[in-house]
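Computed from a predicted model, the values in this text were never measured in an experiment. Numbers for residues simply follow the sequence, beginning at 1. Side chains included, hydrogens not; waters and symmetry mates left out as well; all remaining heavy atoms used.
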Amino acid sequence: MTAATTLPGRLAAFVQGMDAALGAGSDEPRTVEACAALLRELVAHDDWLPEACSHPHPVHYQQYLLHRDPAGRYSVVSFVWGPGQRTPIHDHCTWGVIGMLRGAEYSRAYARENGRLVPATTEERIEPGQATCVSPSIGDIHLVRNAYDDRVSISIHVYGTDIGKQSRHVYDAETGVAKSFVSGYANA
């Protein structure tokens, strides 16, 4: 899905809003703020996500491309979390806004201290209709997990690049050593 004309109504409206926000030439904080407001509106309704982009995988989370801006300014992705699934500790190397559509998820931030990764003492729980942000300027390293061990959760992620092609990092929890990866998409 890449053309706004093929997108479901609510997602098409979100894309139009993002295009307008980015067309205004905003700096990163304003872009993230505008994206978060638009994303909260989008995830306040659970009637638009294409069925094909909502299927869990039995072993690992799925990342489905919903929209890729033709100019490469942002991408919109659904993350489908099977029961108990989690990410490794990772970063994004760009700004991102995460909105919860179904279920719930936990995010634990990590910071670098003396070359090691130190986890935040608490996790942030994200519920349907809520949004949270990441960015190299505000904190970009975290581990995310489905809040439920018995059901699927789905979150919608918007990133300041085509995240499926972005080189980024996973981190070893013990040593903090980074390994580069490119995530791709389950449907592209």
Requested in this report: Go through the steps to decide whether Gln166 and Thr94 satisfy the test side chain to side chain donor-acceptor pair (under 3.5 Å), and finish with yes or no.
Outcome: CA-CA 9 Å; Gln166 173 73 27; Thr94 187; 5.9 Å; no
Query raised in the report: Got a donor-acceptor contact below 3.5 angstrom from the His57 side chain to the Val59 backbone?
Result: yes
Report task. Indicate, with yes or no, if Val77 and Val144 share a hydrophobic cluster defined by side-chain heavy-atom contacts under 4.5 Å among Ile, Leu, Val, Met, Phe, Trp and Tyr. Result -> yes
Query raised in the report: Is Arg125 salt-bridged to Glu127, cutoff N-O under 4.0 Å?
Result: yes
Query raised in the report: Any idea which heavy atoms bring Val32 and Trp95 closest together, and the distance?
Result: CG2-CB, 3.8 Å
Requested in this report: Salt-bridge test for Glu123 and Arg145: reply yes if a basic N is under 4.0 Å from a carboxylate O, no otherwise.
Outcome: yes
Query raised in the report: Going by an N to O cut-off under 4.0 Å, is there a salt bridge joining Asp162 and Arg68?
Result: yes
Query - Ser75 side, atom OG; Asp69 side, atom CG - distance, nearest 0.5 Å - result: 9.0 Å
Report task. Using a strict 4.0 Å threshold on nitrogen-to-oxygen distance, state whether Asp19 and Arg73 make a salt bridge. Result -> yes
Query raised in the report: So, do Trp81 and Val152 sit near enough that their side-chain heavy atoms are less than 4.5 Å apart?
Result: no
Report task. Enter the distance from Leu101:CG to Ile154:CD1 here, rounded to the nearest 0.5 Å. Result -> 6.0 Å
Report task. Check Tyr64 against Cys53 and note the closest heavy-atom contact, atom names and distance. Result -> CD1-O, 3.4 Å
Query - Ser167 side chain to Val182 backbone, donor-acceptor under 3.5 Å - result: no
Query - Close side-chain approach of Ser135 and Asp140, heavy atoms under 4.5 Å - result: no
Requested in this report: Please answer: with hydrophobic residues joined when any side-chain heavy atoms are less than 4.5 Å apart, are Leu49 and Val97 in the same cluster?
Outcome: yes
Query - Closest heavy-atom pair and its distance - Pro88, Val170 - result: CG-CG1, 3.7 Å
Query raised in the report: Do side-chain atoms of Glu105 reach the backbone of Asn146 as a donor and acceptor pair under 3.5 angstrom?
Result: no
Query raised in the report: Looking only at atom types and distance, does a side-chain atom of Asp149 sit under 3.5 Å from a main-chain N or O of Pro83, one as donor and one as acceptor?
Result: no
Query raised in the report: Sub-3.5 Å donor-acceptor pair from the side chain of Gln63 to the main-chain atoms of Asn187, do we have one?
Result: no
Report task. To the nearest 0.5 angstrom, please state how far the OH atom of Tyr110 sits from the CG atom of Asp91. Result -> 13.5 Å
Query raised in the report: Should Trp48 and Leu42 be marked as a side-chain contact (heavy atoms from CB on, under 4.5 Å) after you check the CA-CA gap, both sets of side-chain angles, and the distance that decides it?
Result: CA-CA 9 Å; Trp48 58 269; Leu42 180 63; 3.5 Å; yes
Query raised in the report: Quick one: do Val15 and Leu39 end up in the same hydrophobic cluster if we chain Ile, Leu, Val, Met, Phe, Trp and Tyr together by side-chain heavy atoms under 4.5 Å apart?
Result: yes
Requested in this report: Using modelled atom types only, decide if a donor and an acceptor are shared between the side chain of Thr161 and the backbone of Ile163 within a distance under 3.5 Å.
Outcome: no
Report summary line: Output for pair (Leu66 CG, Ser78 OG), nearest 0.5 Å, gives 4.5 Å
Requested in this report: Give the C-alpha distance, both sets of side-chain angles, the deciding distance and a yes or no for side-chain contact (heavy atoms from CB on, under 4.5 Å) between Ser54 and Gln62.
Outcome: CA-CA 9 Å; Ser54 65; Gln62 293 282 73; over 6 Å; no
Requested in this report: Search all heavy atoms of Met18 against all heavy atoms of Leu38 and return the closest pair with its distance.
Outcome: N-CD1, 3.6 Å
Query raised in the report: Mind checking whether His157 and His92 have ring centres under 6.0 Å apart?
Result: no
Query raised in the report: Roughly how far, to the nearest 0.5 Å, is the CD1 atom of Ile156 from the CD1 atom of Ile98?
Result: 11.5 Å
Query raised in the report: Are Val43 and Val158 in one and the same hydrophobic cluster, where Ile, Leu, Val, Met, Phe, Trp and Tyr link if side-chain heavy atoms are under 4.5 Å apart?
Result: yes
Query raised in the report: Could you walk me through whether Arg112 and Tyr171 pass the side-chain contact (heavy atoms from CB on, under 4.5 Å) check?
Result: CA-CA 11 Å; Arg112 282 216 174 266; Tyr171 295 89; 3.2 Å; yes
Report task. Examine distances only and state if a side-chain atom of His90 and a backbone atom of Leu143 form a donor-acceptor pair shorter than 3.5 Å. Result -> no
Query raised in the report: CZ of Phe181 to CZ of Arg168: how many Å apart, nearest 0.5 Å?
Result: 3.5 Å
Query raised in the report: Just by modelled atom types, is the Val177 backbone N or O under 3.5 Å from a matching donor or acceptor in the Asp172 side chain?
Result: no
Query raised in the report: Stepwise, does the side-chain contact (heavy atoms from CB on, under 4.5 Å) test hold for Tyr61 with Val80?
Result: CA-CA 6 Å; Tyr61 67 88; Val80 182; over 6 Å; no
Query raised in the report: Under 6.0 Å from the CZ atom of Arg30, do we count more than 12 heavy atoms belonging to anything else shown?
Result: no
Report summary line: On a heavy-atom basis, the closest approach of Met100 and Arg102 is CE-O, 3.0 Å
Report task. Could you tell me whether a side-chain N or O of Tyr74 sits under 3.5 Å from a main-chain N or O of Leu22, the two making a donor and an acceptor? Result -> no
Report task. Might you point out which heavy atoms bring Ala131 and Arg40 nearest each other, and give the distance in Å? Result -> CB-CG, 3.7 Å
**Report entry** Side-chain (Ser153) to main-chain (Ala104) donor-acceptor, under 3.5 angstrom
**Finding:** yes
